[in-house]
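Okay, so here's the structure we're looking at.
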Number of protein chains: 2
Amino acid sequence: MSRVEVDEKIRRFTVMCRKTGLRLTPQRIEIYKHLVKTDEHPSAEILYEKVKKTFPNISFDTVNRTLLTLNEIGAAFIVEGSGDVRRFDGSMEKHQHFKCVKCKRIIDFHHKPFDIIKLPASIGKKFKILKKVVYVEGICDLCK
Amino acid sequence: MSRVEVDEKIRRFTVMCRKTGLRLTPQRIEIYKHLVKTDEHPSAEILYEKVKKTFPNISFDTVNRTLLTLNEIGAAFIVEGSGDVRRFDGSMEKHQHFKCVKCKRIIDFHHKPFDIIKLPASIGKKFKILKKVVYVEGICDLCK
DNA sequence: TGACACATAGGAATTACTACTATATAGTAA
DNA sequence: TTACTATATAGTAGTAATTCCTATGTGTCA
Ligand SMILES: [Mn+2]
Ligand SMILES: [Mn+2]
Ligand SMILES: [Zn+2]
Ligand SMILES: [Zn+2]
């Protein structure tokens, strides 16, 4: 993602923050910037290490709390998976994930039919649906 | 699930163990029995509490390790989700899950079209696919 | 029945995440 | 510009979940 694109995302992020009453702290923007510019679906720990380069005194809790906040306001989300370290995604484009069970890499792909899967009516009626996910697990090209 | 059905599952489980070279310990069988007879997708902790009634001295680690072993040999699996306590499923029937984000209940449903979703060729070629999951998240009937 | 590789019990250690609190600062209004 | 206040952060402690370690026990097989 180009510098210009990242800047544009940050601009839109600042608007989201103002709308939701969140303060625009330099830490928050820095965390968002690192999350949105990568497609590696980093953990809080990984982002903590990156943000430390600009904010040597930032605490892990601030990074983690901020990421949960981003998830709350819909600026990012927690990646689905089976019981590993929590991973975050700053891309709100419709897409799906492949996760390697060995190296834990999470790789984006987009298959349009997966965006519009229809649930049986019985489920839709009984529950309030927030998220429908198609998720693929296996061994990646580098590991096999 | 009836007593007879559970017994049949356990019989088949003993065959699986012999095939994979796993020893048939009473603890292992008891853990499997509790997992297979419920549809509540228990955590290791919950199963530990149940198995303790028959094996008061069993350790948590034995329960957890056994569950991971069951996942290894394909007698059970780890339920997909976004970053909560690890949950297990003893049913190897094709089915899907709805998870309530509030009470964390995991509810089985079965929608046949979801069993046969087709991945784009690019993904199937590049990676070794082990699992394709359709996963639904929301608020359950009891919570909303 | 004996040998031994695998499994378990008990507890310690590690990892992941969350809570607490004093200090700092973004937003706002004088 | 300045002062105020609610929110955010830093530093640290605490909790929860999971994994590791090791001595002892036991299922399996010869
Ligand atoms: Mn992604
Ligand atoms: Mn299930
Ligand atoms: Zn891999
Ligand atoms: Zn619920």
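Heavy atoms only: backbone and side chains are in, while hydrogens, waters and symmetry mates are out. Keep in mind that this is a model prediction, so the values were computed, not measured.
Distances were taken from every side-chain heavy atom of D61(A) (C-beta onward) to each of dC20(C), dC17(C), dT18(D); the shortest belongs to dC20(C).
For T62(A) and dA10(D), the shortest distance from a side-chain N or O to OP1 or OP2 is below 4.0 Å. Here N64(B) does not reach the OP1 or OP2 of dA17(D): none of its side-chain N or O atoms lies under 4.0 Å away. At the phosphate of dT19(D), OP1 or OP2 sits under 4.0 Å from a side-chain N or O atom of R86(B). Distances shown here put every side-chain N or O of R65(B) at or beyond 4.0 Å from the OP1 or OP2 atom of dA7(C).
Comparing the end axes of the helix from dT1(C)-dA30(D) to dA30(C)-dT1(D), each fitted to five base pairs by superposing C1' atoms of four pairs onto the next four, gives an inter-axis angle of 40° (nearest 10 degrees).
The residue among N57(A) and A44(B) whose nearest nucleotide of DNA chain D is located toward the 5' end is N57(A).
Rounded to a whole Å, the CZ atom of R87(A) is 16 Å from the C1' atom of dC17(C). Atom CG in D84(A) sits about 11 Å away from atom P in dT18(D), given to the nearest Å.
Ion pairing of K37(B) with D7(B) is absent here, as no side-chain N (NZ or NE/NH1/NH2) approaches a carboxylate O to less than 4.0 Å. D84(A) has a carboxylate O that lies under 4.0 Å from a charged side-chain N of K104(A), or vice versa, which qualifies the two as a salt bridge.
No side-chain N or O of T69(A) forms a donor-acceptor pair with one of T66(A) less than 3.5 Å apart. For the 3.5 Å distance criterion, the side chains of R65(B) and T62(B) qualify, holding a donor opposite an acceptor. Side chain to side chain, Q96(A) and H111(A) fail the donor-acceptor criterion of an N or O pair below 3.5 Å.
Taking CZ of F77(B) as the start and CZ of F88(B) as the end, the distance is 11.5 Å to the nearest 0.5 Å.
Of the residues in residues 18-35 of chain B, those placing a heavy atom less than 4.0 Å from an atom of DNA chain D are R18(B), R23(B), L24(B), P26(B), in numerical order.
In this structure, the side chains of I58(A) and I31(A) come closer than 4.5 Å at one or more pairs of heavy atoms.
A chain of hydrophobic side-chain contacts below 4.5 Å, direct or via other Ile, Leu, Val, Met, Phe, Trp or Tyr residues, connects V51(B) to Y32(B).
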